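Inspection log for the structure reproduced underneath, given as structure tokens.
The sequence lines fix the lettering, A, B, ..., with proteins before strands; numbering per chain opens at 1. Please read all numbers here as calculations on a predicted model, not as lab measurements.
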2 protein chains.
Amino acid sequence: MSEAPWENRFVNHQQNEAMSALSDPSRTRRNAAHCSSCAMRHLCMPEGLCSNDIAKLENIISATRRVKRGEALFRVGERFEALFAVRSGSLKTVVTHDGGREQVTGLLLAGDALGFEAIEEGTHTCDAIALEDSTVCVAPYPLFERMCRETDALQRRLNRMMSHALNREANHVVRLGMLRADERVAGLLLDISSRLSMRGYASSEFTLRMTRDDMGSYLGMTLETVSRTLSRFDKAGLIETQGKFIRICDFDGLRAV
Amino acid sequence: MSEAPWENRFVNHQQNEAMSALSDPSRTRRNAAHCSSCAMRHLCMPEGLCSNDIAKLENIISATRRVKRGEALFRVGERFEALFAVRSGSLKTVVTHDGGREQVTGLLLAGDALGFEAIEEGTHTCDAIALEDSTVCVAPYPLFERMCRETDALQRRLNRMMSHALNREANHVVRLGMLRADERVAGLLLDISSRLSMRGYASSEFTLRMTRDDMGSYLGMTLETVSRTLSRFDKAGLIETQGKFIRICDFDGLRAV
DNA sequence: CGGACCTTTGAAAGTTTTCAAAGTGGGTGG
DNA sequence: CCACCCACTTTGAAAACTTTCAAAGGTCCG
């Protein structure tokens, strides 16, 4: 049982990746180590940065923060102090509607950056909750902003990252607005798979730390419908589920809804 | 009939606004005139820009483009060349899913900026279609980017605008994911009302140039459900509808769903 | 002014939610 | 280290909501 494939958790993948991403053996300072590693790639390692720039950046992004499962990295209304990048683990962003109803608006995996929503008003507009014990890199925004001013490439990277976040949201809008329940679930699985794949992880199996309730909230449906849909996919041979572990068996089948 | 309140179109409002916003009588050049006026306020007139900066900006944003009803300002796949701001009229953004199904992902009113989604990949990821004959201000991105580099305040404004777009999308996600049909329609009406109000227009009545089909697509429901919901609101005394003209009679009632 | 497009309304069909209850799993304290 | 318990998951059946199909007005744009 301890050798079962679904024991192959995110955390393990991430640590492997973190190690292998240390492509430059000369950087051995502790701060440099995590900064140049996997999770901060998008935030810290834009093409076009010279090694001098990278050194400056490493000084800015010097802190790592730990967030335990269920704890908040930040909450609605808190002052905006830093951008974050998921180094290991995963988080969800949540908005609480009046009346206490909650909606999961985002899923952040290792390598994803978050916090951009707070730039507008200077305060966070959603909660970011860890789905498992996680670590994030911290980029204090005032410093980051100053460095953007000095380094064009970094500024361009920031603009692209925010544009990327915008496109991600637009995809989510399409998923919620145009797709039926089973199409949404299939879309989510394929989306996660492709995000993992882009970062060098196995794309056909993963452990999704969201509950069925979280998935339902994210997809605009009830937890029961999520569960039923996954069961149906399983019976149809499209996937195999074992609790939170999911293996995709038939990509084309999933794409065909 | 020609004096009926629903003759009071957006276009009229906008022209009034454009005139009244010419707060500095010294700026009489043609290029300066439209640039310092209403529609570009968000793009061009951040607090913190000195008059010298503003002059430079006016040179960059020198073009106005006309888009006729039904025509595209840009389309999916087209190269990203400029950011835009709606000067008069209104547009929708549309994504076409495989299979030809279309989803309206955004509604842009006078004063709104658009085009940010194209920064990531350098090509547009949606179509922008005019809902009525409209004009937009054009900010060529390479020039705009360069000016951001020279002027901190403008860069900060750009970041805030993109963050704002992100928050707008997040609101839309919540609307689609957590609300029922009538709540979505009510939410849209209140959203439009508040956006008009922020820009100094009458907030209790407006002519929404989208068709019921567009509204349905934007809200993730069918045109029939939109129509039925509006009829029900009308009968309940919450609003008055006359085709595309809508008057909100009972804001609190609408907020209460 | 005419015709195309848009809107409204009804009834039936379909999908998803709600309510309910049993089963499963994993993390926590003893 | 194990057992227990709480939280999560699964499944069923009825109810609710929304869509689909259909047809009759309306509106407005050229």
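Nearest to the side chain of B:Thr211, among C:dT7, D:dC17, D:dT9, sits C:dT7. With distances taken from any side-chain atom of B:Thr222 to the nucleotides C:dT16, D:dT20, C:dT9, the minimum falls on D:dT20. Relative to the side chain of B:Arg209, the nucleotides C:dG25, D:dC29, C:dT8 differ in distance, and D:dC29 lies closest. Ranking D:dT19, C:dT15, D:dC8 by closeness to the B:Met221 side chain, first place goes to D:dT19.
Between B:Arg195 and B:Asp112, at least one side-chain nitrogen of the basic residue sits less than 4.0 Å from a carboxylate oxygen of the acidic one, meeting the salt-bridge criterion. For B:Asp234 and B:Arg232, the salt-bridge test fails: no basic side-chain N is under 4.0 Å from an acidic carboxylate O. A salt bridge between B:Arg69 and B:Glu132 is absent, with no side-chain N of the basic residue lying under 4.0 Å from a carboxylate O of the acidic one. Between A:Arg209 and A:Asp214 there is no salt bridge, since none of the side-chain N atoms of the basic residue sits less than 4.0 Å from a carboxylate O of the acidic one.
Atom pair B:Asp234:CG and C:dT8:P shows a separation of 9 Å (rounding to whole Å applied). Atom NZ in B:Lys68 sits about 12 Å away from atom C1' in D:dG30, given to the nearest Å. Atom C1' of nucleotide D:dG26 and atom CZ of B:Phe245 are separated by 18 Å, given to the nearest angstrom. Protein atom CG of A:Asp182 is 6 Å distant from nucleotide atom P of C:dT16, rounded to whole Å. Distance B:Arg69 CZ to D:dG30 P: 6 Å, rounded to the nearest Å. Rounded to a whole Å, the CD1 atom of A:Ile246 is 9 Å from the P atom of D:dT10. With rounding to whole Å, B:Glu132 atom CD is found 10 Å from D:dC29 atom P. Taking atom CD on B:Glu224 and atom P on C:dC6, their separation rounds to 13 Å, with Å as the unit.
If you check every strand for non-hydrogen atoms under 4.0 Å, B:Leu230 touches nothing. Backbone-only contact: B:Gly220 has heavy atoms under 4.0 Å from sugar-phosphate atoms and none from a base.
Proximity of A:Arg228 to the phosphate of C:dT16: no side-chain N or O atom is located under 4.0 Å from OP1 or OP2. In this structure, B:Thr225 reaches the D:dT19 phosphate: one of its side-chain N or O atoms is under 4.0 Å from OP1 or OP2. A:Lys244 has no side-chain polar atom (N or O) that falls below the 4.0 Å cut-off from OP1 or OP2 of D:dC8. At D:dT11, none of the side-chain N or O atoms of A:Ser227 fall inside 4.0 Å of OP1 or OP2 (strictly under the cut-off).
By the 30° and 60° cut-offs, the orientation of the rings of A:Phe74 relative to A:Phe84 is parallel.
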